[in-house]
Number of protein chains: 2
Amino acid sequence: MDESVMCPRFQKAMGMMSQRWTGLVIYQLLSGPKRFCALESSIGLSGRVLSERLKDLENHGIVKRVVFPETPVRIEYSLTEKGLALEPIVKEIEKWSQTWVPVESDSL
Amino acid sequence: MDESVMCPRFQKAMGMMSQRWTGLVIYQLLSGPKRFCALESSIGLSGRVLSERLKDLENHGIVKRVVFPETPVRIEYSLTEKGLALEPIVKEIEKWSQTWVPVESDSL
DNA sequence: ATTAGTTAGTTACTTTATGTAAGTAATTAT
DNA sequence: ATAATTACTTACATAAAGTAACTAACTAAT
């Protein structure tokens, strides 16, 4: 009946942050530039999806990709100003989790 | 090689918030208790998934479900203390979106 | 020169998640 | 008796994510 009376900016932001892995990619990049394989192994997602997410985040102006033509080639992903501005969100999630998420027995 | 050296509480929290629709359900409930069909129409997700999400959130102690045996029966979903504690996260996403998300031309 | 190794991906195929639409149960209104 | 409402569930279709093997460009070793 309704189909969204919510703010479209907010919905877009939420849609982005609600994509699987996006939050963890940003969290990892908040501690500095990272390479593809470093993200892959620290987050534990498939290369296929990581590649997809990094492209999306680049298209959204949140992540930038820098190629160092060394040997073998090194490519670093880092946050733009827009991406760095996401830090308070990640910090709040971290804070909430420390207070409210139990560690043992999968919280059911 | 690595398989997560991240804090497990943080990862759980992020995993939950990164599920599609979860953030918007919480956002809607932050403005007070809501009924199933109200959430369905304001968010624009399928009843199948809404039902699934509400059960998950209930199991995580974030949402509570209250039955009013009126006629027709009324069921209200609302946030627990743990759920209300998510407000700062949602507010930060809102703030970020107001500053950084463009409205027109799907941000590509 | 051939084989193996590295990084940053991509491709093909499978499994899981989500969407769509119809159905159910309890009740009231016509 | 038929239709309507709310809060779901079920069956089936499509989209997203996981898995594993492959590619391209290069180096290092045999």
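Numbers restart at 1 for each chain; the letters A, B, ... are given by sequence-line order, proteins then strands.
Going from atom CD of B:E52 over to atom P of D:dC8 covers 14 Å, rounded to whole Å. Here the P atom of nucleotide C:dG9 and the CG atom of A:L54 are 8 Å apart, to the nearest Å. Distance B:R48 CZ to C:dT18 P: 8 Å, rounded to the nearest Å. In this structure, CD of B:Q19 is placed 16 Å from P of D:dA16, rounded to the nearest angstrom. Rounded to a whole Å, the CD atom of A:E70 is 15 Å from the C1' atom of D:dA25. For the pair B:L50 CG and D:dT6 P, the computed distance is 14 Å after rounding to whole Å. Taking atom CH2 of B:W21 as the reference point, atom P of D:dA16 lies 12 Å away to the nearest angstrom. Remark: C1' of D:dT5 and CZ of B:F36 are 14 Å apart, rounded to the nearest angstrom.
Of the two residues near DNA chain C, B:S46 and A:R65, the one whose nearest nucleotide lies more 5' is A:R65. Nearest-nucleotide positions on DNA chain D for B:E76 and A:V49 put B:E76 closer to the 5' end.
For D:dA7, the OP1/OP2 oxygens have no side-chain nitrogen or oxygen of B:K55 closer than 4.0 Å. In this structure, B:R74 does not reach the D:dA7 phosphate: none of its side-chain N or O atoms is under 4.0 Å from OP1 or OP2. Between A:S51 and C:dT10 there is a side-chain N or O to OP1 or OP2 distance below 4.0 Å.
Among the protein residues, B:Y77 comes within range of the sugar-phosphate backbone only, with heavy atoms under 4.0 Å from sugar or phosphate atoms but none that close to a base. Note on B:E40: nothing from the nucleic acid sits closer than 4.0 angstrom, heavy atoms only.
Within the 3.5 Å criterion, the main-chain N or O of A:V103 finds no donor-acceptor partner in the side chain of B:R9.
Ion pair B:K95/B:E92 flagged as a salt bridge, since at least one NZ, NE, NH1 or NH2 atom sits closer than 4.0 Å to an Asp/Glu carboxylate oxygen.
With D:dG18, C:dG9, C:dT18 as the candidates, the nucleotide lying closest to the side chain of B:R53 is C:dT18.
Using a 4.5 Å heavy-atom threshold, the side chains of B:R65 and B:S78 count as separate.
Counting atom types as modelled, A:R20 pairs no side-chain N or O with a base atom of D:dA17 as donor and acceptor under 3.5 Å.
Results of the side chain to side chain contact (heavy atoms under 4.5 Å, CB included) test with A:W21 over A:L50, A:I26, A:L39, A:L45 single out A:L45 as the only residue that passes.
Annotation for B:H60 and B:K82: closest pair O-NZ, 2.8 Å, computed over non-hydrogen atoms.
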